[in-house]
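Residue numbers begin at 1 in each chain, while the letters A, B, ... track the order of the sequences.
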Protein chains: 2
Amino acid sequence: MGTTHLESVPEPKYWHLKTVLSEALDSEFTVGEILPNERELAARFGVARATLRQALEQLELEGRLQRRRGVGTTVAPPRMGVAVGTGQQAWPGGGDDAWRAVDSTDAVPPSTVATALEIPREQSVHIVRRSRVSHGQPVAAELLYVPHASVPDLSAIDTANQAARARAVLRELQRLQLDTQDRAVELGSARADDAKELDRLPGAPVLVVTTRFFAAGRTAALSVATYRADTCRLTFGASGGVEIHHGPERRAS
Amino acid sequence: MGTTHLESVPEPKYWHLKTVLSEALDSEFTVGEILPNERELAARFGVARATLRQALEQLELEGRLQRRRGVGTTVAPPRMGVAVGTGQQAWPGGGDDAWRAVDSTDAVPPSTVATALEIPREQSVHIVRRSRVSHGQPVAAELLYVPHASVPDLSAIDTANQAARARAVLRELQRLQLDTQDRAVELGSARADDAKELDRLPGAPVLVVTTRFFAAGRTAALSVATYRADTCRLTFGASGGVEIHHGPERRAS
DNA sequence: TAGTGGTCTAGACCACGGC
DNA sequence: CCGTGGTCTAGACCACTAG
């Protein structure tokens, strides 16, 4: 990594810096290697630390770097492909699900969720919390909202064992005939509790996958899954996904 | 685990600020309304402008705000749902496609693309540029990579009319039997040219949708589509998608 | 030209992890 | 304890848009 200072160009310094660092990462660093600290990097490039940080932020957003307070900045491995839709539709919690049921509560959902579920405001639903781990890393946290009407036969459950309660709700769900489902993906920022579960700071960028499950002409369940945007590439369809990534860009004129 | 975790963790100022602003947006502002400028807001909340900006950045990332240099900060409308997969598989450019072909060139793709296409490095391919507009706003820019082998009958085309050339490539593609396709979504930041097309600054957060098209046992084409992450919610499946969102919405008068 | 958001600086202190 | 990244300040100037 050279120490050449930056020329005065119309291009913002942090943008140029990001490009330089990106190329250095490609050619001079290996995955897992730790970079010089921010104060030294800033000095080396002749910019303020805030400017250097702006470039690092971008690279972290693109999944090239990983920064951890008290530790340092390391070169991140390529994003892992995380299968989100297998093509065929299926209830959550069935068969070889990648999720682990954490617990379940009974509470009033946010009004936006109530609207999507087509139930009255202030009506409580089952809220199942699940988490997903891939390659030894936590990659997603999910809240699954299930109206009582969708699992009418749910017997009285030992409320002390929350995980068992969660599994019971999922089991009851399987008995319904799944009509269809639709899905949406958008960018969000991690709430404090999700951030903790995902081992990130609050506000970290996440991909929010919202899935609506329809059965018997109703919205039978709603899943809001929060994936780490820095480490995950969400894949849809049969195969494992595409391995397109950063790297030298070239374009015709 | 017997210890009480009542630790009074001082919440970062920008995080608290974001919460306060978010609530204010719900209750005291209407879509399209312009906020006080950053210097005034910072003074009003008793923080430095940089701190205030950190909060605004988050809200913009979540699609709550839109900031335009020289103009001001406005309350953004809810994200628009943008259909990305209709469920059934289809070639790009067929029928009622939401895309507009811009031009086409013949060039060597990035090495990552060459790998995905299973072609040798340094081998040139057709690169079709397309753009997508929704509700009067540019929402996505696409680069479609088509190996020459996929469109062998493409006749000599008037290279002066780039748009016609692009349409010709797409037309030839339809003649192939589409076997299957897979798709991946990940977070990225807009390259300079994409940013310009999307009417955003370079580095703006985007959702990158990579689609691989298989035909005759080969990867016949590869699409890399870049969607504005601030204004778009990508929807999959038959219906229009879910309308999960932050708090109460009100319309401007 | 006036006012906005975008960039940048040179400091300071804090929270966390490892030693 | 020390070194790391995370937060915050109080300025400055630049780039853009609109009247």
Side-chain angles (χ1 to χ4, degrees), chain A residues 5-19 21 33-61 64-76 189-190 192 195-196 199-205 230, chain B residues 5 7-19 21 33-61 65-76 189-190 192 195-196 199-205 230:
Chain A
H5 282 218
L6 306 172
E7 287 299 319
S8 64
V9 281
E11 200 175 39
K13 275 189 187 178
Y14 78 90
W15 185 257
H16 184 238
L17 199 48
K18 176 201 148 188
T19 307
L21 283 169
E33 194 172 348
I34 117 171
L35 269 61
N37 72 55
E38 297 183 349
R39 288 162 181 88
E40 169 164 354
L41 278 179
R44 194 181 295 191
F45 286 104
V47 300
R49 189 176 157 220
T51 304
L52 185 272
R53 278 179 60 81
Q54 217 173 334
L56 293 185
E57 233 156 72
Q58 284 260 345
L59 291 169
E60 192 179 28
L61 198 75
R64 308 285 314 269
L65 292 179
Q66 180 159 2
R67 297 192 286 174
R68 275 174 302 174
R69 168 155 50 180
V71 178
T73 301
T74 58
V75 180
S189 55
K196 189 179 175 186
D199 194 26
R200 301 259 48 193
L201 289 166
D230 55 343
Chain B
H5 23 37
E7 74 295 298
S8 62
V9 189
E11 202 175 38
K13 275 190 186 178
Y14 78 91
W15 185 259
H16 183 242
L17 201 47
K18 177 201 149 189
T19 307
L21 284 169
E33 191 171 349
I34 112 172
L35 269 61
N37 72 55
E38 296 183 348
R39 289 161 180 87
E40 170 163 354
L41 277 179
R44 192 180 296 189
F45 286 103
V47 299
R49 189 176 156 220
T51 304
L52 185 269
R53 277 179 62 80
Q54 217 173 334
L56 294 184
E57 235 156 71
Q58 283 260 345
L59 291 168
E60 192 180 29
L61 197 78
L65 293 178
Q66 180 158 5
R67 297 191 287 175
R68 275 174 302 174
R69 169 155 52 180
V71 179
T73 301
T74 59
V75 181
S189 55
K196 190 180 176 187
D199 192 27
R200 301 261 43 188
L201 290 166
D230 55 343

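- Counted within 6.0 Å of CG on A/N37, heavy atoms from surrounding residues, nucleotides or ligands total more than 12; the atom is thus considered enclosed.
- To the nearest angstrom, P of D/dC8 lies 14 Å from NZ of B/K18.
- Residues A/R64 and A/Q58 have side chains not in contact (no heavy-atom distance under 4.5 Å, counting atoms from C-beta outward).
- A/N37 has a side-chain polar atom (N or O) that falls below the 4.0 Å cut-off from OP1 or OP2 of D/dT4.
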Worked check of side chain to side chain contact (heavy atoms under 4.5 Å, CB included) between A/L56 and A/L21: CA-CA 9 Å; A/L56 293 185; A/L21 283 169; 4.1 Å; yes
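- For the pair A/T73 and D/dT4, the criterion of a side-chain N or O lying under 4.0 Å from OP1 or OP2 is not met.
- A/T73 places none of its side-chain heavy atoms less than 4.5 Å from the side chain of A/L41.
- Contacts between residues 47-57 of chain B and DNA chain C, counted as heavy-atom distances below 4.0 Å, involve B/R49, B/R53.
- Across every non-hydrogen atom of A/V47 and A/L17, the tightest pair is CG2-CD2, 4.0 Å.
- The base of D/dG5 lies close enough to the side chain of A/R39 for a donor and an acceptor atom to sit less than 3.5 Å apart.
- Phosphate contact (OP1/OP2 of D/dT7, side-chain N/O of B/Y14, threshold under 4.0 Å): present.
- When rounded to the nearest whole Å, the span between CD of A/E38 and P of C/dC14 equals 18 Å.
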How does DNA chain D look in dot-bracket form if you count Watson-Crick and G-U pairs under 3.5 Å, write [ ] for pairs that cross, and put | where a base pairs with another strand? ||||||||||||||||||.
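- Proximity note for A/K13 (side chain, C-beta onward) versus C/dT9, C/dG6, D/dG5: the nearest is C/dT9.
- Put simply, the side chain of B/R68 and the base of C/dG6 share no donor and acceptor less than 3.5 Å apart.
- Remark: C1' of C/dT4 and CG of B/L41 are 12 Å apart, rounded to the nearest angstrom.
- For the pair B/R69 CZ and D/dC16 P, the interatomic distance rounds to 5 Å; values are reported in whole Å.
- Residues B/E60 and B/R200 share a closest heavy-atom pair of OE2-NH2, 3.5 Å.
- Summarising the geometry, the separation between CH2 on B/W15 and C1' on D/dC8 is reported as 17 Å, rounded to the nearest angstrom.
- Under the 4.5 Å side-chain criterion, counting only non-hydrogen atoms from C-beta, A/K18 is in contact with B/S189.
- As a whole-Å value, the separation of B/Q58 CD from D/dC8 C1' is 16 Å.
- In this structure, B/E38 CD and B/R49 CZ are separated by 4.5 Å, a value rounded to the nearest 0.5 Å.
- Inter-residue side-chain proximity for A/F45 and A/T51 is flagged as unmet; no heavy-atom pair is nearer than 4.5 Å.
- If you measure from atom CG of B/L201 to atom P of C/dG5, you get 13 Å, rounded to the nearest angstrom.
- For the pair B/I34 CD1 and C/dT4 P, the computed distance is 8 Å after rounding to whole Å.
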